[in-house]
Chemist: 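This structure is in structure tokens; I'll ask about it shortly.
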Amino acid sequence: MRFGTTLIPTLKENPVEARVESHRLMLRAGLIRQLGAGIYTWLPLGLRVLRRVEAIVREEMDAAGAQEILMPAVQPAELWQESGRWQMYGPELLRFKDRGGREFCFGPTHEEVVTDLVRRELRSYRDLPANFYQIQTKFRDEIRPRFGIMRGREFLMKDAYSFDLDEEGLEQSYRTMVATYNRIFERCGLRYRAVEADTGAIGGAFSHEFHVLADSGEDVIASCEGCGYAANLEKAEGLATPGTLDVPREVGPLRKVATPGRKTMEEVAEFLGCPLTGMVKSLVVEGTQGAFQLLLRGDHELNLVKAAHALGMDGVALVDPERAAELAGVGVGSMGPVGGRLPVLADSALATLSGFVSGANEEGYHFVDGVWGRDCPMPRFVDLRNVVAGDQCLRCRAAPLRLDRGIEVGHVFKLGDKYTRALKVTVQDADGKERTPIMGCYGIGVSRIVAAAIEQNHDELGIIWPVALAPFAVELLVVNPREEASMQVARSVEQGLRQGGIEVLMDDRDERLGVKFKDADLLGLPWRAVIGGRSLKEGAVEIQRRGQPDKERIALDQVVAVLLARVRSLDGITRVNIHR
RNA sequence: CGGGGUGUAGCGCAGUCUGGUAGCGCAUCGGCUUUGGGAGCCGAGGGCCGGAGGUUCAAAUCCUCUCACCCCGACCA
């Protein structure tokens with residue numbers, strides 16, 4: 001492909017609206033253009049990357065025995081009413097009517113459609129297991145789209161749905177998908193981590209997320225360097241590092257001390273000379289089952305997902321200070337477990353505390369030397385907090401947890417019979433009895449992978465594509481395209497590489513050299529070959545790996561062979577063909 | 001949804017407070033020079049000032065309404 005005749009509108013300046021590197025670079029390198037909030041056009045170069053991700057996903061899904069289909073993006077409301085999600089889904093679901101006034105939505109996901117398909121077409125246990133997937137444009141009317149492609153409203157997703165007769169079958173399907181996902185992200189050349197995840201409202205037993213590691217990631221994931229345990233922050237459990245009061249000791253009687261004007265944990269800790277780890281923090285949450293006072297160690301953070309689970313609610317929210325004061329009968333800076341009026345739940349890390357400091361449920365006072373069971377009823381201790389770096393791993397108890405930031409690019413989970421039951425799907429088993437199949441569902445954010453790959457692979461000059469995803473493996477940079485001799489060399493190298501199965505981008509623009517170099521750095525193709533100028537005079541072509549400082553001169557008759565070998569060996573990754 | 005902000009040439013912005021009929025840099029087009037890291041000089045083209053209504057002799061500028069987009073906080077591939 002020729003640079004000069006392709007729409008690659010690179011930008012010299014940084015777009016003001018882009019806050020993360022991937023968004024900036026995708027705009028600057030001319031991969032995408034914004035049409036509306038969270039809605040983007042993919043330009044030729046960006047589309048090629050998208051197609052590469054798709055191709056890898058397809059190959060691996062097909063190899064795993066999944067069948068590709070393509071379901072409608074527009075879905076009738078009836079199906080969603082049947083599953084109950086028409087009411088449940090909320091404003092994120094884009095709804096509209098056709099000319100006849102019939103209601104539809106633009107699919108944010110396709111459980112209903114695929115389940116409907118299966119109920120119509122599959123009759124027998126012999127039709128199972130089955131796994132259908134598609135690569136489809138989805139739309140979710142996000143509260144706040146941001147970071148460009150990373151959190152757009154319209155996005156490209158691979159979604160797959162497995163159907164099995166029983167739990168063992170589902171387990172097998174699930175394992176296959178986890179293995180497939182590992183291969184997919186490895187082939188993409190990304191540094192990623194698979195982590196255990198919360199199953200959310202659907203409540204299935206098992207769920208994993210796949211995160212591309214990047215400092216700018218919106219999610220936090222915890223992992224153990226000893227045993228390999230990894231989970232997202234919502235789910236991760238750890239053993240808190242003991243504080244100074246976590247040792248059995250003689251504790252005097254409960255004392256009430258004046259702490260005028262001290263509200264925050266830090267203020268009280270400093271005033272009383274007590275470590276944060278010896279303090280009990282009270283937070284008020286409210287949900288469908290009412291309000292509760294949650295207790296955490298002074299240095300810990302509440303995890304709302306865990307709180308909801310512990311309280312048996314779908315979700316809970318931290319209430320604002322006014323509401324908290326109203327519910328607890330005392331201001332937020334003065335609450336404590338001793339003599340409070342709300343039902344209490346305590347974080348496990350508090351169980352070993354002897355002689356804690358807490359609010360006295362009286363404005364301007366705190367209690368010192370509180371003891372569970374003596375000064376207040378023994379609370380129920382459960383995991384309520386976010387782990388912090390350095391907590392001990394609960395699985396192996398031999399190594400600390402570390403925290404990293406990640407971008408969620410894949411999610412697999414066991415759905416169970418939620419949809420097959422709601423839509424009354426049955427197949428006959430070997431005994432002729434009707435059985436309800438159980439489902440697994442498996443998503444990959446295809447377009448998000450493109451952004452995540454850039455987020456993970458760039459420098460101050462531009463993108464540094466992993467070979468597997470690069471829109472082209474090689475850029476041929478023609479120093480002076482008006483020199484017929486240069487162009488002849490360029491064309492023959494281009495042809496040689498193409499015959500070797502590698503597509504190239506030839507920058508044949510009549511631009512100043514500096515412009516072409518800058519654009520080459522920005523686009524970030526893995527190899528750059530400079531044709532012309534001083535090297536060509538010596539019968540050579542200069543090649544350079546993007547991101548590496550050293551340049552090599554290769555004799556003209558060797559260029560094609562060398563580049564082919566280099567591209568094929570890079571990262572040990574085979575590039576797949578994206579066209580036809 | 002709440003809070004803040006911006007819409008003026010393809011991009012980035014000034015002009016708005018204090019009304020007088022639109023400007024700068026980059027990009028584009030032409031010419032000359034230059035040619036291994038975003039060139040220099042000369043010249044040119046391009047703007048219903050987001051939209052609608054109002055005030056005024058006169059509106060990018062003041063008023064009202066509206067639309068879009070961006071940013072900051074609670075949600076998710």
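Lettering follows sequence order; numbering is per chain, from 1. Side-chain atoms are counted along with the backbone in the values below, which use heavy atoms only and exclude waters and symmetry mates.
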Chemist: Need the pair for B:A14. Rule: Watson-Crick or G-U wobble, both distances under 3.5 Å, any strand; none if unpaired.
Modeler: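 In the structure as shown, B:A14 has no Watson-Crick or wobble partner.
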Chemist: Any idea which of B:G38, B:G12, B:C75 is nearest the A:Glu17 side chain?
Modeler: B:G12
Chemist: Under 3.5 Å for both donor-acceptor distances, Watson-Crick or wobble: does B:G38 have a partner, and if so which one?
Modeler: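 Its partner: none found.
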Chemist: Is a donor-acceptor pair below 3.5 Å formed from side chain A:Arg528 to base B:G37, judging by atom type as modelled?
Modeler: yes
Chemist: Pairing check on B:A27: which nucleotide meets the Watson-Crick or G-U wobble criteria with it, both distances under 3.5 Å?
Modeler: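 No nucleotide pairs with B:A27.
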Chemist: Within the 4.0 Å heavy-atom criterion, would you say A:Glu542 contacts the bases, only the backbone, or no part of the nucleic acid?
Modeler: base
Chemist: With a 4.0 Å cutoff (strictly under), does any side-chain N or O of A:Arg512 reach OP1 or OP2 of B:G38?
Modeler: no
Chemist: Taking 4.0 Å as the cut-off, does a side-chain nitrogen or oxygen of A:Arg146 come that near to OP1 or OP2 on B:C71?
Modeler: no
Chemist: Give the nucleotide from the list B:G37, B:A77, B:C70 with an atom nearest to the side chain of A:Glu408.
Modeler: B:A77
Chemist: Would you name the heavy atoms of A:Pro15 and A:Arg28 that are closest together and state the gap between them?
Modeler: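 For A:Pro15 and A:Arg28, the tightest heavy-atom pair comes out as CD-CG, 3.8 Å.
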Chemist: When you compare the side chains of A:Ser83 and A:Glu112, does any donor N or O come within less than 3.5 Å of an acceptor on the partner?
Modeler: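 A pair is found: one side chain offers a donor N or O, the other an acceptor, under 3.5 Å apart.
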Chemist: Taking the six-membered ring of A:Phe472 as reference, does the NZ or CZ atom of A:Arg48 fall below 6.0 Å from its centre and within a 45° cone about the axis?
Modeler: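 Yes, A:Arg48 sits over the ring of A:Phe472.
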Chemist: Among B:C69, B:A77, B:G12, which is the nearest nucleotide to the side chain of A:Arg140?
Modeler: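 Shortest atom-to-atom distance from the side chain points to B:A77.
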Chemist: Using the closest heavy atom to pick a nucleotide of RNA chain B for each, name whichever of A:Arg19 or A:Ile143 lands nearer the 5' end.
Modeler: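 Its nearest nucleotide lies further toward 5', so the answer is A:Arg19.
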Chemist: Taking only the side-chain nitrogens and oxygens of A:Gln34, find out if one of them lies under 4.0 Å from OP1 or OP2 of B:C70.
Modeler: yes
Chemist: Is a donor-acceptor pair below 3.5 Å formed from side chain A:Arg28 to base B:G38, judging by atom type as modelled?
Modeler: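 It does, because a donor-acceptor pair links the side chain of A:Arg28 to the base of B:G38 below 3.5 Å.
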Chemist: Determine the interplanar angle of the A:Tyr174 and A:Tyr442 rings, folded into 0 to 90°, and report it as parallel if under 30°, tilted if 30 to 60°, perpendicular if over 60°.
Modeler: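 It falls in the tilted class, 30° to 60°.
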Chemist: Mind checking who B:C65 pairs with, Watson-Crick or G-U wobble, both distances under 3.5 Å?
Modeler: B:G51
Chemist: Is there a donor in the side chain of A:His208 and an acceptor in the side chain of A:Tyr181, or the other way round, less than 3.5 Å apart?
Modeler: no
Chemist: Consider the side chain of A:Leu513, meaning its heavy atoms from C-beta on, and name the nucleotide among B:U28, B:C70, B:G36 that approaches it most closely.
Modeler: B:G36
Chemist: Please work out if A:Asp519 contacts a base, only the sugar-phosphate, or nothing of the nucleic acid, heavy-atom cut-off 4.0 Å.
Modeler: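 Result for A:Asp519 = base.
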Chemist: What nucleotide, of B:G37, B:C72, B:C75, holds the atom closest to the side chain of A:Glu142?
Modeler: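 For the A:Glu142 side chain, the nearest candidate turns out to be B:C75.
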Chemist: Hey, does A:Gly148 reach any base, or is it just sugar-phosphate, or nothing, if we go heavy atoms under 4.0 Å?
Modeler: nothing
Chemist: What is the nucleic acid contact for A:Gly532, judged by heavy atoms within less than 4.0 Å: base, sugar-phosphate only, or nothing?
Modeler: base
Chemist: Hunt down the Watson-Crick or G-U wobble partner of B:C57, both distances under 3.5 Å, from any strand shown, or write none.
Modeler: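 The answer is B:G20, by the H-bond criterion.
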Chemist: Which one is paired to B:G73, where only Watson-Crick or G-U wobble pairs with both distances under 3.5 angstrom count?
Modeler: B:C1
Chemist: Hey, what's the ring geometry for A:Tyr192 with A:Phe185, parallel, tilted or perpendicular (30° and 60° as the breaks)?
Modeler: tilted
Chemist: Taking any heavy-atom pair under 4.0 Å as a contact, classify A:Val479: base, sugar-phosphate, or nothing.
Modeler: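 No contact.
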Chemist: Students often get this wrong, so: under 4.0 angstrom with heavy atoms, is A:Val16 touching a base, only sugar-phosphate, or nothing?
Modeler: sugar-phosphate
Chemist: Closest to the A:Glu511 side chain: B:U28, B:G38, B:C11?
Modeler: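 Between B:U28, B:G38, B:C11, the one nearest the side chain of A:Glu511 would be B:U28.
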